[in-house]
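What follows is a single structure, written as C-alpha cells, with notes after it.
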Amino acid sequence: MVEHTGGRMLSEKQYSLYKRALIDAFLKLDPRTLYRNVVMFTVEIGSVITSLLWVQALGGHGEAPAGFIGAIAAWLWFTVLFANFAEALAEGRGKAQAESLRKMRQDTEAKKLYLGYEIEKGREPAPTDFIKVSSSTLHRSDFFYVRAGDIIPVDGEVVEGVASVNESAITGESAPVIRESGGERSAVTGGTVILSDWLIIRASANPGEGFLDHMISLIEGAKRQKTPNEIALNILLIGLTAVFIVVCASLYAFSLYSVKAAGAGVPVTVTVLIALFVCLAPTTIGGLLSAIGIAGMDRLIRRNVITTSGRAIEAAGDVDVLLLDKTGTITLGNRQAVDLKPVDGTDIMELAETAQLASLADETPEGRSIVVLVKEKYGLRGRTVGASESVPEMQFIPFSSHTRMSGVDHGDVHIRKGAADAIFAHIQEQGNSISDQLKQEVNVIAGAGGTPLVVTKNGKALGVIYLKDIVKGGIKERFAQLRRMGIKTIMITGDNRLTAATIAAEAGVDDFLAEATPESKLKLIREYQAGGRMVAMTGDGTNDAPALAQADVAVAMNTGTQPAREAANMIDLESNPTKLIEIVEIGKQLLMTRGALTTFSITNDLAKYFFIIPAAFASTYPALAALNILGLHNPILSAVIFNALIIIALIPLALHGVAYRPMTAEEALRKNILIYGIGGVIAPFIGIKIIDMLLVFIGV
Amino acid sequence: MGISESFQSIIRKQVRSALVVFFLLTILTGIIYPLVVTGIAQMIFPTQANGNLIVHDGKVAGSALIGQPFTSPGYFWGRPSSTSPAPYNAGLSSGSNLGPSNPALISAVKARAEILHAADPGNTLPIPVDLVTSSGSGLDPDISVAAANYQVSRIARERNLSESDVSALVARQTQNRQFGLLGESRVNVLKLNLALDDMSSHLITVTPSAGQREVPPPLVFGLRMTEWIQLILFFIVLAALIVPIGGFMAKVYSGERTFLTPITGPVEKWILSASGVSGSEEMDWKMFAVAMMIFSVIGIAVVFVLQMAQQILPLNPAGVGPASWDLSLNTAVSFATNTNWQAYAGEAGVSYLTQMIGLAVQNFISAAVGMAVLIAFIYGFSRRSATTIGNFWVLLIRSVMILLPLCTIIALILVSQGTVQTFSGPVTVPLLDPVKDNSGALVTTQSIPLGPAASQIAIKQLGTNGGGFFNANSAHPFENPTPFANFLEVLAILIIPTALCYTFGKMIGSARKGIAILIAMTLIFAPLVGMTIWSEVSGNPAFTPLGIDQTPTLFQPGGNMEGKEVRFGVVQSAFFAVVTTVTSCGAVNSMHDSYMPLGGFVQMFDMQIGEVVFGGVGSGLYTMLIFVILAMFIAGLMVGRTPELYGKKIEPYEMTLTTIHILIPIFLILGLTTVAVLTDTGRSAILNPGPHGFSEILYAFSSASQNNGSAFGGLSANSVFYNLTTALAMFVGRYAVAIITLALAGSFVAKKIVPVTDGTLRDHRPLFIVWLVFVVIVVGALSFLPALSLGPVVEHLSMVAGGVIHG
C-alpha cells in the first residue's frame with residue numbers, strides 16, 4: 001500500500017534501509033536473539049572459537065598460523081553478518097512501511113455518544129449528544145460520531161448516515177469511497193478521513209486491536225510467528241546441522257587415529273574442522289530462511305494484501321480450488337450491448353436510433369455500451385448527455401426498481417427499454433399484443449446466456465438489445481495456466497444456470513455455481529474440503545462471512561463489511577477480485593524459494609568435501625591430494641569465503657523469490673532441480689576456484 | 001489412579017499375549033519347522049543332508065564339500081587355508097580377513113608363490129591367483145582348473161606319471177559350470193587326489209584326451225559372457241517373482257483368501273485365540289509399539305538365557321559350554337533386531353538347541369516384526385482420518401505365515417545341493433595327507449560339524465537376518481554348497497524386500513508407486529554392484545609383480561580371490577557382497593575384510609545410506625519411505641506446495657520424526673566409531689594396519705547400527721567393549737527407529753488424503769525417482785564421506801599410487 005509513496009523517494013529511502021539493515025546485522029549478533037536461528041547460532045559459536053584460537057595464535061601458541069586462523073575467523077563472522085543483514089533488510093522494508101502507518105495511529109479526538117443516545121434515521125447528533133474523548137479510551141461497542149474533516153478514531157461499523165471517506169492512507173486509492181449504514185459498505189477503518197457528511201459508528205475494536213494496529217504489527221514482524229512449513233524446514237536444517245557437528249567432531253577422533261595408524265602428519269586443527277562444519281552446515285538456506293518468509297509477506301503487502309497470518313500465505317500455495325465471483329473477476333463488471341434485433345418489420349436504423357435515445361441519459365455501463373454500439377455499428381453519432389439543454393423538450397425517465405424500465409419522453413413519443421417481462425407488461429398495459437417474433441428473439445438471447453432488453457416506442461415493441469456479459473481479456477489463458485498448476489476454478493454467480501453455463505464455457509472455468517446463495521457457497525466449500533482440497537475464495541458481503549470463515553484462503557475486499565473482513569484471513573486493500581490468483585502465485589513462489597535454496601544449500605556441500613578433506617588430512621595421507629581435482633592452493637579459506645559470499649549473492653533471490661511462471665508440478669521440479677540442484681553442485685567448483693585464484697593473485 | 005490401573009491392565013494383557021504368541025511361534029518355527037525339514041530331507045536327500053560323505057574303499061574318506069589340507073608335493077594342493085590351529089580345521093571355518101593392502105597378505109602370497117616355485121622350479125607359468133590366496137571359509141574343496149593344470153608337471157614328476165595322464169585325470173575330475181552356466185568350472189581337490197592315488201595304484205586308468213587348449217574367452221564390457229548371463233538371468237527370475245509374491249503378501253495382510261489359507265488360516269486363528277487376541281481388535285501406534293517392545297524384550301531374554309544355560313540343556317552333541325554374559329547379550333540383541341551380528345563362531349559357540357529354538361526362531365520373528373511395522377506404516381498412508389494402524393499380533397503371525405512356506409521350499413532345495421540338515425553330531429574323517437598344526441603337532445583327522453543348517457539358512461536369507469549356522473557363513477561349503485545354492489540364496493535375500501515394494505503399492509492402491517520405489521532402489525543398487533565387480537575383477541595390483549595371474553579365463557575366475565570361494569568366483573562373490581550389505585542381511589559368501597578398498601567402500605556405503613536398497617525385510621522399505629518423505633518434502637517445496645506424500649501432508653511433526661529417524665543411525669555409527677578409535681580397547685581389536693584397520697571399526701558400527709550383521713571379520717569383536725557397544729547400536733538402531741516409524745504411521749493415519757491434481761508432484765514419475773535416488777545418496781555421502789575418505793578412499797588412492805600402507 002505504500003507503493004505510491006515508496007516510488008517517490010526511492011534512492012534516499014533505499015540508502016537508509018541499507019544503513020539500518022547494516023546496523024541491525026550487528027545488533028542481531030546478540031546470542032540471546034540469534035539462538036532462535038540454530039544454523040547461524042552454531043556458526044556464531046564457531047566464529048567465537050576460531051577468534052579465540054586466533055588470539056591464542058597471536059600469542060605464539062597457535063595450532064596453525066595466526067594469519068590463516070584470523071582469516072577463517074573473519075569470514076565466519078562475515079557469514080553470520082551476511083545472514084543477519086539479509087534478515088534485517090527484509091524486516092527493514094516492512095518497518096519503513098509500518099512507520100508511515102503508525103503516523104496515522106496517533107491519538108485522535110473522538111466524539112463519543114452518550115449512553116442513552118437514541119439513533120434516529122437521518123438525524124445528525126447535536127453537540128449535546130456526545131462528549132469529546134481520546135480515541136484510546138474508545139472500546140468495542142461504543143458509539144461515536146464523526147463529521148466532515150474528522151479522522152475516524154477507531155475501526156467500526158456505520159450504524160447511521162452516509163459519508164464519503166478518504167481511505168488513501170490504507171488503500172493507496174485516492175478516490176473517496178462511500179460509507180453508509182447497512183449493506184456491504186458499512187465498515188470503516190481507524191485513521192481514515194471523512195470528506196463530507198457525517199456518520200454514527202459503533203466501534204468494533206478495542207484500543208490497540210484495530211485494523212491499523214494489526215497491520216503495523218504484521219508488517220513489523222513483531223508478532224511474526226514461524227509458519228508450519230517454515231518450522232518443518234527449520235527442523236530439517238537443525239537435523240542437518242546436528243549431523244555435521246557429529247561428522248566434524250568425529251573427524252577429529254578419526255584424525256587422531258589416522259595419525260597414529262599412518263605414523264605421519266599431525267591431527268586436523270580445530271580451525272579447519274570448524275571451517276569444514278560451517279561450509280557443510282546449511283548456512284545458505286539457514287541464513288536466508290527468515291528473510292524469505294518476511295519477504296513473502298512483504299510481496300503481498302506490496303500488492304496491497306494484508307494477511308492475518310503467515311499460515312495463509314503457505315495455504316495459498318496449496319490451494320487447488322478457487323471460487324471466483326463472476327462479476328468483476330471473470331467478466332467486466334457489467335454487461336455490454338453487442339447486437340440489436342429489430343422485430344415486427346421495424347427498420348434496423350429506427351431501432352438503433354430509438355435505442356440510442358433511450359440510453360442517452362442512462363449513465364450505467366450498460367446504457368453507455370448501447371450508445372457506443374449504435375455509434376460504432378450504425379454510424380449514429382452520440383449526442384452528449386447534456387442533450388437535455390439542446391433538446392429541451394426531452395424528458396428522461398430514470399430506471400426505477402418499481403417499473404424496471406428507463407427511457408425518454410420526447411413530446412408525445414414515449415420510448416422505453418427494460419427487462420423483457422417488465423416491458424411485456426408495459427406493452428400489454430398499452431393495449432398492444434406481444435408478437436411471436438419478439439418472444440422468440442427474447443428467448444434466443446436469453447438462451448445464449450445474454451440479457452435481452454426490449455425497446456418500445458409508444459407501447460409498441462421495436463426490437464431487442466442483446467446485452468452480454470463480457471469476459472475479461474486474457475482470463476481464459478489465466479485459467480488454463482491455473483489448470484496446469486492443478487488449480488480448479490469455479491465461477492460463483494447469482495445468474496441462472498443457463499446464463500452461468502454460457503459464461504463459464506466462454507471464460508474456460510472448470511465449473512460454476514449458479515444461483516449462488518451464501519448457503520450453497522458454504523456447502524460447496526465444505527464438499528471440496530471433505531475431499532481433501534484446499535479452497536480459496538473472495539468475498540465482501542456480510543452474507544459471505546460464513547463461507548469466508550470456512551475457506552482455507554479467504555480474501556475479503558477492503559470495501560467489504562466488517563464481518564466479512566473478520567472472517568477472512570487476508571484483506572485486499574484494493575478490493576480487486578482477481579487478486580486471488582496473484583496471492584496463490586505468491587504463496588507458491590514463497591515455498592519454491594525455500595525449496596530451491598534448501599536444495600542449493602545441500603548440493604553445495606558435495607563440492608566442498610572435495611576441497612576440504614584432502615587439505616585437512618594432507619599431512620597424514622598425502623594420497624588424498626588426488627581428490628583436489630582443481631589444484632587449489634587455499635582450499636579451506638576459499639571454501640569458507642565462497643560459503644559467506646553465496647549468502648550475499650542470494651539475498652536478492654530470497655527477497656524477490658525465484659522466478660515464477662505457472663507450470664505443472666513436474667515442470668517446476670525439473671526446472672528447479674536443474675537450476676538449484678545441478679547448479680548447486682557445479683557453482684562451488686567454479687566459485688571456489690575463482691576465489692582461490694584471486695587469493696593466489698593477492699598473494700595469500 | 002484409574003488411568004494407571006487401566007494402563008497396567010493393558011500392559012498385563014499385552015504381556016500375556018506376547019508370552020503365548022512367543023511360545024507358540026517357538027514351537028512352530030523352532031521345533032516343528034526344522035523337524036519337518038529334517039524329516040523330508042533325510043527321506044529324499046539322505047546323502048546331502050548328512051554332509052556328502054565320500055566313501056572310498058569302503059571307508060569314509062571325507063566330505064565332498066569340505067576341503068582337506070594337502071602339503072605333500074605328490075598331491076594336488078588346494079586353496080591356502082587360514083583356519084587355526086591347523087589349516088582346513090572344519091571345526092572353526094574362517095578366512096584370513098587380511099586387507100588387500102596389508103603387508104602380511106602380500107608377504108603370505110609371496111611366500112606361497114615361492115613354495116610353489118621351489119616345488120616345481122621348471123614351471124614358469126604364471127600362478128593362478130586362487131592357488132596363493134586363502135579361501136573365505138578356509139575349507140574351500142575346490143581349486144580352479146587353471147590351478148590344477150598348473151600343478152600337473154609337479155605331480156607327474158613326483159608320481160612318475162606322464163603329464164598327459166595327469167592332465168587327463170584333471171580333465172576327468174573337472175566339474176563344469178553348474179547347468180553349464182552357474183559359477184565356475186572347478187576341480188574338487190580331495191576327489192582329484194583320491195583318484196590320483198587310485199591312478200598311481202593302477203586302480204583306474206584314464207585315456208588322455210586332446211590337451212585342453214586355453215581359448216581366451218570373449219570379454220563383454222569387462223566380464224565373461226557367462227557372468228553377464230548369470231546376472232541377467234538372476235534379475236529376470238527375481239523380476240518374475242516380485243509380482244506374484246508381492247501380490248500374495250498383500251492378500252495375506254489384507255486377510256484375503258490365498259491358496260495357502262486352508263493351512264495357514266487355522267494356524268493363525270489358533271495362535272490368536274490361544275493368546276487372547278481378537279483379530280479385529282485394532283491398535284493405535286502407541287499400543288502397537290508397546291506390543292512390539294514387550295514381544296522383542298521377551299525374545300532377547302529367552303535367547304540370553306538359552307546361551308547362558310546351553311551346557312545344561314539338551315541337543316548339545318558337541319558339548320558347547322556357556323557363552324559369556326556380554327556375548328550372550330550381544331547375540332540375543334543381535335538376533336532379535338534382525339542384525340545377526342555374530343561375535344561367536346557357530347560351530348563352537350552355540351548348541352543345536354540354541355540354534356534352533358533361540359536363533360532360528362528369532363530369525364523368523366525378527367523378520368516378521370520388521371514386516372509388521374512396515375504394514376502398520378503402510379496403513380498410515382492407505383487409511384484416511386483413522387486412529388489405528390492394525391494389530392501387531394495379527395500382522396506378526398501373518399508375516400510368519402508368509403515366511404514359513406517359502407523357507408520350507410528353500411531349505412529343501414538347499415539340502416538337495418548339499419546343505420546339511422541333521423541332528424547328528426560332528427563326524428570325524430581321516431586326512432588323506434596329514435598336516436602339522438601351528439604348534440607342530442600332527443593332525444590326522446578332520447572333525448566335520450553337521451547340524452540342522454538348511455532350515456536355518458533358508459530363514460537367515462529370506463528374513464535378511466544373515467546369521468550363519470557356521471562361522472564362515474555362506475562361504476562355508478555346507479551353508480552354500482553350489483553355485484545354484486548361491487543363486488537361490490541371493491534370490492532369497494532379495495525376494496521379500498523387493499516384493500514388499502509391490503505389496504506396498506498394492507496396499508496404497510497404486511502398484512506403480514511401489515514399483516517406482518523399487519526402481520529407485522535398483523538405480524542405487526546397480527552402480528554399486530558394478531563398482532564392486534569392477535574393482536574385484538581387476539584384482540590386487542600388489543600381486544601382479546609376484547607373477548600371479550588374476551585374469552579371468554575359462555579355467556579360472558581370476559580377480560581378487562583372497563577370502564573368496566572358487567565355486568562362486570569373483571563376480572558372484574562381489575554380487576553377493578553388495579546384495580547382503582544393501583539388504584541388511586549380512587550373510588557373506590566371501591570375506592568382506594579382504595575386498596579391494598572400493599569393494600569395502602561400497603559395502604560400508606550400502607549400509608550407511610540407511611539399508612534402504614532394498615533393505616531388511618520390512619525395515620528396508622519403511623526406512624526408504626522415510627527418505628521418500630524427505631525427498632518429497634524438499635521436492636514439494638520446489639513445486640510450490642506444502643509437501644504431501646501419497647496425499648498426506650508433511651508437517652512439522654512428521655518432519656521432526658523423519659529427521660530423527662535419519663539422524664539415529666548416523667549418530668550411532670559416527671559416535672560409537674569415535675569412542676572405539678579413541679580407546680585402547682577399541683583399537684586393540686583391529687587386525688589390519690593403517691586405514692583398513694579404521695575401516696574395520698567403521699564397518700562394525702555401520703553394520704550394527706543398520707542391523708546388517710556382516711563384518712570386516714578381522715576385528716576381534718568378542719570383547720566386553722564391542723559386545724556392549726554393538727548391542728547398544730543394534731538395539732537403538734532397530735527399535736528407536738521402528739518406534740519412530742510407528743509414531744509417523746500414527747500421525748499419517750489421522751490425516752485426510754489430499755486428492756491428486758496437476759499441481760501434485762507425481763511420486764511415481766522418473767523425475768521424482770531420480771530425485772529420491774539423489775537425496776538418498778547425498779544424505780549418505782554428506783554424513784559418511786569424511787569418515788570413508790580416511791578408510792577405504794585413502795587406502796584405494798594409496799594402492800593406486802602404488803604404495804603399500806605402512807603399519
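Note on naming: letters A, B, ... go to the chains in the order of the sequence lines (proteins, then strands), and numbering restarts at 1 for each one. Please read these numbers as outputs of a predicted model, since none were measured by experiment. Keep in mind that the numbers below use all heavy atoms, side chains included, and drop hydrogens, waters and symmetry copies.
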Could you tell me the separation between the [atom1] atom of [X] and the [atom2] atom of [Y], rounded to the nearest 0.5 Å?
| X | Y | atom1 | atom2 | result |
| --- | --- | --- | --- | --- |
| A:Asn229 | B:Met655 | CG | CE | 9.5 Å |
| B:Leu767 | A:Ile673 | CG | CD1 | 4.5 Å |
| A:Arg594 | B:Ile634 | CZ | CD1 | 13.5 Å |
| A:Leu669 | B:Trp771 | CG | CH2 | 7.0 Å |
| B:Leu790 | A:Phe254 | CG | CZ | 8.0 Å |
| A:Ser250 | B:Leu698 | OG | CG | 9.0 Å |

Among [options], which residue has the highest count of heavy-atom pairs closer than 4.5 Å to chain B?
| options | answer |
| --- | --- |
| A:Asp605, A:Leu240, A:Thr598, A:Ile487 | A:Asp605 |
| A:Arg533, A:Arg483, A:Lys671 | A:Arg533 |
| A:Ala242, A:Cys248, A:Ala616 | A:Ala242 |
| A:Lys608, A:Met663, A:Lys260, A:Glu585 | A:Lys260 |
| A:Ala315, A:Ala668, A:Ala316, A:Ala623 | A:Ala623 |

With a 4.5 angstrom heavy-atom cut-off, is it the side chain or the backbone of [X] that approaches chain A, or both, or neither?
| X | answer |
| --- | --- |
| B:Thr760 | backbone |
| B:Leu670 | both |
| B:Lys751 | neither |
| B:Leu630 | side chain |
| B:Thr674 | both |
| B:Ile660 | neither |
| B:Phe633 | side chain |
| B:Thr673 | both |
| B:Leu678 | side chain |
| B:Phe784 | neither |

Chain B contact via [X] - side chain, backbone, both or neither, heavy atoms under 4.5 Å:
| X | value |
| --- | --- |
| A:Leu606 | both |
| A:Lys488 | neither |
| A:Glu666 | both |
| A:Phe617 | side chain |
| A:Leu590 | neither |
| A:Leu624 | both |
| A:Leu233 | both |
| A:Thr664 | both |
| A:Phe244 | side chain |
| A:Ser255 | backbone |
| A:Asp318 | both |

Subject >> Verdict with reasoning, A:Leu236 to B:Thr658, per side chain to side chain contact (heavy atoms under 4.5 Å, CB included) >> reply: CA-CA 9 Å; A:Leu236 176 64; B:Thr658 300; over 6 Å; no
Can you tell me if [atom1] on [X] sees more than 12 non-hydrogen neighbours from other groups inside 6.0 Å?
| X | atom1 | answer |
| --- | --- | --- |
| B:Arg384 | CZ | no |
| A:Phe610 | CZ | no |
| A:Tyr660 | OH | yes |

With a 4.5 Å cut-off on heavy-atom pairs, point out which of [options] contacts chain A the most.
| options | value |
| --- | --- |
| B:Lys752, B:Glu654, B:Glu644 | B:Lys752 |
| B:Thr642, B:Ile650, B:Leu761, B:Ile753 | B:Thr642 |
| B:Pro755, B:Gly640, B:Ser789, B:Gly647 | B:Gly640 |
| B:His796, B:Glu651, B:Arg683, B:Arg762 | B:Arg683 |

Over all atoms of both residues, closest heavy-atom pair of [X] and [Y]:
| X | Y | value |
| --- | --- | --- |
| A:Gly317 | B:Arg641 | O-CG, 3.6 Å |
| A:Ile231 | B:Pro652 | CG2-CB, 3.8 Å |
| A:Tyr609 | B:Pro786 | CE2-CG, 3.2 Å |
| A:Leu251 | B:Ala787 | CD1-N, 4.3 Å |

Original post:
Do side-chain atoms of A:Asn672 reach the backbone of B:Met638 as a donor and acceptor pair under 3.5 angstrom?
Top reply: yes
**OP:** Would you please test B:Ile686 and A:Tyr257 for side chain to side chain contact (heavy atoms under 4.5 Å, CB included) and show each step?
**Re:** CA-CA 12 Å; B:Ile686 290 169; A:Tyr257 172 87; 3.1 Å; yes
**OP:** Taking the side chain as every heavy atom from C-beta outward, state whether A:Leu627 and B:Val793 have any pair of such atoms under 4.5 Å apart.
**Re:** yes
**OP:** Taking the side chain as every heavy atom from C-beta outward, state whether B:Ser798 and A:Tyr621 have any atom pair closer than 4.5 Å.
**Re:** no
